[in-house]
Amino acid sequence: MLTQAQEQIIDTTAPVVAEHLDAITQRFYPLMFERYPEVASLFNQAHQQDGGQPRALASAILAYVQLRQTPETARATLETVVNKHVSLDIQPEQYPIVGECLMAAIAEVLGDAVTPEVADAWTALYNELAGLLIELEEQRYQQFENSPGGWRGTRRFRIAATHQESRVIRSFILEPEDGDPVAEHAPGQYIGVKLEIDGKPVYRHYSLSDVPNGQSYRLSIKREPEGLASRHFHDRLNVGDSIELLPPAGELTLAQGDEPLLLISGGVGQTPLLPMARQALAEGRRVTYVHAAIDAEHHAFADALASLARQHPQTLKAVTVHEQGDAADYQGRVNQALLEACLPDSARCYFVGPHGFMDAVNQGLAHLGVPQTHRHYEYFGPAKALSAA
């Protein structure tokens, strides 16, 4: 717990730290990887290069500084961080590494402004944040471990089957090597994957692309031309090979209620939304499902969605949008006019896809009067701000 003097120092210096936070986090990661190269495998280096991971860290720190006086709000705000950490099996002993390197980065960037008293105050603040995260993550680890089919740490799964869903997306059916049941997940969640590539551990998150069945998980992965892990899946892993999985996580799940739903996906953004559609339809909810792809060759799960439409003719409306060709309902891109044509009254909206796609959808829905509380989205990577202006 921070002393009164430390609280005053945080209040006084927070604006200065916030002003330089981007520079601090940009310095923090190279410093940590230099001092502790063993932690580099936990991070997608592409997100380091484009600045996504440092910006996400900066946002989390600022959010905690602003909300720490209201613990319940702070806990809710940290839910995204907790989910990512659980799917990476982050442990308490890793937090001092982050704290040491973060304080070193602050000292490098702010120089003489970081007096011993300032350093002590910010160290205490970090330790408070770390303690809260450790508590929340341990709760989640225990809850999953004690659930039917759950486990602690990693569990080995075998690739039982694969299926090419589109030109660039392939599904992998994963069954546990031990033959025991697997824990259920909430449709919309992702799962942590631990790979070994060229003798080095690599961690990634992938959405679970089907509803739970108690026996297997399905991942549907887009092959990225420069993607280390996705190319490994597509080019090197085959039926019979094994990988390690961590617990499912993620907060992009269906809110309870009976409102109609508008689900909007772009490209591989279908992977969390398709199981959410299955869940909603099984519950009797009305679903409008809009999917955008480059063309028919890049349109994954077309047959699966058509099958769902046949099974639920009264409650599912499927709309396809292609940038090229004439195989879809609409040609071009998802825009506000299309959203207006598809938006049910009082709908709750979920959307996943590339950043520009989600930004356009978010702005379009906002202009159509959909409140922020009814606009839900998730990033495949570090969170970024969406504009609704």
Side-chain angles (χ1 to χ4, degrees), residues 50 52 55-56 59 80 166 169 187-188 190 207 209 222 250-255 257-281 285-296 298-302 305 308-309 315-389:
D50 67 13
R55 283 191 295 271
S59 298
T80 298
S166 76
I169 297 173
Y190 53 80
S207 294
S209 62
K222 178 185 176 184
E251 64 269 26
L252 186 74
T253 56
L254 284 181
D258 58 1
E259 310 110 317
L261 302 173
L262 175 59
L263 308 182
I264 315 161
S265 60
V268 76
Q270 265 189 303
T271 50
L273 295 188
L274 189 59
M276 292 172 70
R278 292 185 185 278
Q279 176 191 359
L281 292 166
R285 298 177 73 167
R286 290 194 297 116
V287 176
T288 300
Y289 193 107
V290 178
H291 179 62
I294 297 174
D295 53 30
H298 289 81
H299 187 154
F301 303 110
L305 194 58
L308 272 180
T315 52
L316 174 60
K317 177 183 178 182
V319 179
T320 56
V321 185
H322 291 172
E323 293 183 26
Q324 303 168 13
D326 56 3
D329 300 311
Y330 294 89
Q331 184 177 14
R333 297 190 175 187
V334 175
N335 54 33
Q336 186 171 329
L338 177 59
L339 292 173
E340 185 173 13
C342 296
L343 181 65
D345 292 337
S346 304
R348 189 175 288 274
C349 305
Y350 295 81
F351 48 100
V352 182
H355 180 265
F357 170 87
M358 291 202 296
D359 207 30
V361 169
N362 192 51
Q363 291 188 53
L365 294 174
H367 289 153
L368 292 171
V370 178
Q372 185 175 356
T373 56
H374 280 50
R375 304 195 307 268
H376 309 272
Y377 57 90
E378 183 178 65
Y379 281 98
F380 292 160
K384 305 175 185 178
L386 287 188
S387 172

- [ ] Output yes when a side-chain donor or acceptor of D359 lies under 3.5 Å from a complementary backbone atom of N362, and no otherwise.
- [x] no

Open item on the list: Working to the nearest 0.5 angstrom, can you tell me the gap between H374 NE2 and S346 OG?
Closed with: 7.5 Å

Open item on the list: Please find the pair of heavy atoms, one from P275 and one from G188, that lie closest to each other, and give the distance.
Closed with: CG-N, 4.3 Å

Task: Spacing of CZ belonging to F351 relative to CZ belonging to R375, to within rounding of 0.5 Å - done: 6.5 Å

TODO: Just say parallel, tilted or perpendicular for the rings of H291 and H299, cut-offs at 30° and 60°.
DONE: tilted

TODO: Answer yes or no: are there more than 12 heavy-atom neighbours, outside E340 itself, under 6.0 Å from its atom CD?
DONE: no

Task: Shortest non-hydrogen contact from A280 toward V287 - done: CB-CG2, 3.7 Å

TODO: Work out which heavy atom in E378 is nearest to a heavy atom in E251; give both atom names and the distance.
DONE: OE2-N, 4.4 Å

Open item on the list: Can you give me the closest heavy-atom contact between S265 and Q270, atom names plus distance?
Closed with: OG-CG, 3.2 Å

- [ ] Could you grab the distance from atom CD of Q331 to atom CD of Q324, nearest 0.5 Å is fine?
- [x] 8.5 Å

TODO: Check I264, L308, L274 against Y289 for a side chain to side chain contact (heavy atoms under 4.5 Å, CB included) and give me the one that passes.
DONE: L274

Task: Side-chain heavy atoms of M276 within contact of L273, under 4.5 Å - done: yes

Task: Any side-chain heavy-atom pair of Y190 and T271 under 4.5 Å - done: no

Open item on the list: Any non-hydrogen side-chain atom of L252 less than 4.5 Å from a side-chain atom of H376?
Closed with: yes

Task: V321 to L338 - nearest heavy-atom pair and separation - done: CG2-CD2, 3.4 Å

Open item on the list: Please report the interatomic distance CZ(R286) to CG(L316), rounded to the nearest 0.5 Å.
Closed with: 11.5 Å

Task: Heavy-atom donor-acceptor pair, R348 side chain to T373 backbone, under 3.5 Å - done: yes

Open item on the list: With a 3.5 Å distance limit and no angle check, can you tell me whether R333 reaches the backbone of E323 through a side-chain donor-acceptor pair?
Closed with: no

Task: Residue of the set L261, L262, L263, V290 for which side chain to side chain contact (heavy atoms under 4.5 Å, CB included) holds with C349 - done: L262

Task: CZ/R278: more than 12 non-hydrogen atoms of other groups inside 6.0 Å - done: yes

Task: Separation between CG of L254 and OH of Y350, rounded to the nearest 0.5 Å - done: 5.0 Å

- [ ] Of all the heavy-atom pairs spanning T253 and G250, show the shortest one and how long it is.
- [x] CG2-O, 4.1 Å

